J.: 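Sharing a structure, written as structure tokens. Questions coming.
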Amino acid sequence: MTDSLPHIRRSDFPADFVWGCSTSSYQIEGAATEDGRGESIWDRFCAGAGHIRDGSSGAVACDHYHRWPEDLDLARSLGVNAYRFSIAWPRVLPQGRGAVNQRGLDFYSRLVDGMLERGLQPWATLYHWDLPQALQEQGGWQQRACVDAFLEYTELVTRALGDRVKHWITHNEPWCSAFLGHHEGNHAPGIRDYAAALQVCHHLLLSHGLALPVIRRNAPGAQAGITLSLHPIEAASHSAADAAAHLRHDGSRNRWFLDPLHGRGYPSDIWALLGAQAPQVLDGDLAAIATPTDFLGVNYYFPEVVEDAPGSGPIATRVVEPAGVERTAFGWQVSPEGMVTLLNRIQRDYGPSRVYLTENGSTYEDQPLPDGSVLDIERRRYLARHLEAAWQARAQGVPLQGYFAWSLLDNFEWAEGYLRRFGLTYVDYPTQRRTLKASGLWYRDFLKS
Ligand code: IFM
């Protein structure tokens, strides 16, 4: 099969462009009960019948807790200069607050040293969804006290690692933590309550803003920001109703985060739809959320096409799946053009000084060949086309300064368990053998170009 790929080269980007790959703690670490780690909401959620499609959990995952030197070697072999990881809050504070688990902190300290020894810039995410279960039992992110707990956790981790980690992300995709976890209920902690999700969302954003000065105090000279999952939105038709739905959907998925982070408060058109479900916002909260960041992290996967859906809830929109478009195995539309559109829109409307694509990737049905190699030509093409899109966005003036592929390894894909593979590296879970896929080999060659 011929497979024409865009002619994009590393040298098309500036020499100081950050090239990385991303992972997260619960999705790869395993060792869920080792060395004093506490229970997380994902451990508890996975134990519930029917929550995870293949009935699995992150208890072992990629066993990265034990195999991290091999994994960092693998990242280095790709030629990336940065590695994005997250810290499991229950590994360092098993009860969420109070007693510190030094063995957990030591693990991350060794991991960071391992990155620096290999010439990999550590990019740490403080919260990639694994809240200590003990905090959930006190109401979790629905309670304002969780913000205080996050600040204590931030203090602890940035004090321990801030001398070496100079890139910090407070939250990964707060939309997912808030709405998948508390409205749709298909992510931990599995709550289905729209008002609760809105309150959680506010507390996540507030904790982000209040954590920034803590990070800056403990990690002098560091860059700090937040990572959002953002989508270019399209209307399903030219009707006035769908055009209005487009605005509302963009308001709830994108502007609900971007506006307050950029000092505009919550978008008034969406707030007006919420009525009694609107979150409780105290004096000073919006100013805290708008604390300036050093960068905006964008996770880009796919555009959303929406139609008007009266009666479906306050936002009254529905995501539709138009026929005839290219999709990944997850059904997500493949649209590198959408990424260019999104990045330009963010720049035009909000003007962040630096943008990093902190995740971008795809899932396909990988089948190892008899010799063990994995010829994932669709993922290879996805990657090459999105790198070309990153180049186009830069050429159009977007201050895009880095790209992180999701993900270094196949891993635990949340409610999908191990049924979805996003890795540049194939993980054979029974043996934990890692094999770079064709996409990983292509990224390596690209990075050497
Ligand atoms: O695996 C997730 C990751 O944890 C957050 N961003 C999207 C990825 C793919 O679904």
Side-chain angles (χ1 to χ4, degrees), residues 20-30 40-43 45-46 51-54 56-58 61-62 64 71 83-89 123-131 169-181 184 186-189 204 225-231 253-254 257 296-304 319 327-335 338-339 342 356-366 376 378-379 382-383 386 403-427 429 437 439:
C21 42
S22 285
T23 61
S24 90
S25 45
Y26 192 73
Q27 292 180 273
I28 65 168
E29 283 180 4
S40 83
I41 55 173
W42 273 93
D43 299 308
F45 185 70
C46 291
H51 287 168
I52 310 297
R53 267 223 302 148
D54 59 0
S56 67
S57 76
C62 304
H64 172 78
D71 292 338
Y83 176 74
R84 177 173 171 237
F85 67 110
S86 77
I87 291 135
W89 184 345
W123 282 60
T125 303
L126 285 163
Y127 189 72
H128 199 125
W129 311 351
D130 39 1
L131 186 74
I169 294 168
T170 52
H171 285 280
N172 181 70
E173 303 180 347
W175 183 86
C176 295
S177 317
F179 292 95
L180 295 181
E184 298 184 16
N186 52 1
H187 274 200
L204 291 168
I226 187 168
T227 276
L228 303 177
S229 50
L230 298 172
H231 303 263
R253 282 304 294 255
N254 296 326
F257 298 85
L296 177 67
V298 176
N299 288 358
Y300 173 72
Y301 288 91
F302 56 95
E304 284 192 339
V319 175
R327 297 184 182 281
T328 67
F330 228 147
W332 294 354
Q333 184 180 341
V334 177
S335 176
M339 189 170 101
L342 174 70
Y356 295 97
L357 281 161
T358 40
E359 282 181 30
N360 172 242
S362 55
T363 181
Y364 291 103
E365 310 280 346
D366 299 323
D376 58 335
E378 291 159 303
R379 185 179 292 101
Y382 179 102
L383 175 61
H386 284 78
Y403 176 93
F404 291 77
W406 182 269
S407 177
L408 173 65
L409 304 168
D410 290 336
N411 58 49
F412 176 76
E413 178 56 27
W414 308 114
E416 299 284 311
Y418 298 96
L419 300 176
R420 303 288 180 200
R421 293 176 178 272
F422 275 89
L424 300 177
T425 307
Y426 188 87
V427 177
Y429 294 110
K437 303 178 192 174
S439 56

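Order of appearance sets the numbers: ligands from 1, and atoms from 1 within every ligand. This one's a predicted model, so the numbers in the text were calculated from it and none came from an experiment.
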J.: Near ligand 1, which protein residues have a heavy atom under 4.0 Å away?
T.: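 Shell around ligand 1 (4.0 Å, heavy atoms): Q27, H128, W129, N172, E173, Y301, W332, E359, W406, E413, W414, F422.
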
J.: Please check if the distance between the ring centroids of W406 and Y301 is under 6.0 Å.
T.: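 Centroid separation for W406 and Y301: 6.0 Å or greater.
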
J.: For F412 and Y26, I'd like to know if the aromatic rings sit close, meaning centre-to-centre distance below 6.0 Å.
T.: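 Yes, close enough.
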
J.: Could you list the residues that satisfy salt bridge (charged side-chain N to carboxylate O under 4.0 Å, His left out) with R53, not counting sequence neighbours?
T.: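 Salt bridge (charged side-chain N to carboxylate O under 4.0 Å, His left out) list for R53, sorted by chain: E416.
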
J.: How would you list, by chain and number, every residue that makes a side chain to side chain donor-acceptor pair (under 3.5 Å) with T328, sequence neighbours excluded?
T.: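 None.
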
J.: Just jot down the salt bridge (charged side-chain N to carboxylate O under 4.0 Å, His left out) partners of R421, sequence neighbours excluded, or say none.
T.: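 Testing R421 for salt bridge (charged side-chain N to carboxylate O under 4.0 Å, His left out), a comparison that skips the adjacent residues, returns D410.
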
J.: Would you give the length of the straight line joining atom CG of D71 to atom OG1 of T23, rounded to the nearest 0.5 angstrom?
T.: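 Rounded to the nearest 0.5 Å, the CG-OG1 separation comes to 8.5 Å.
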
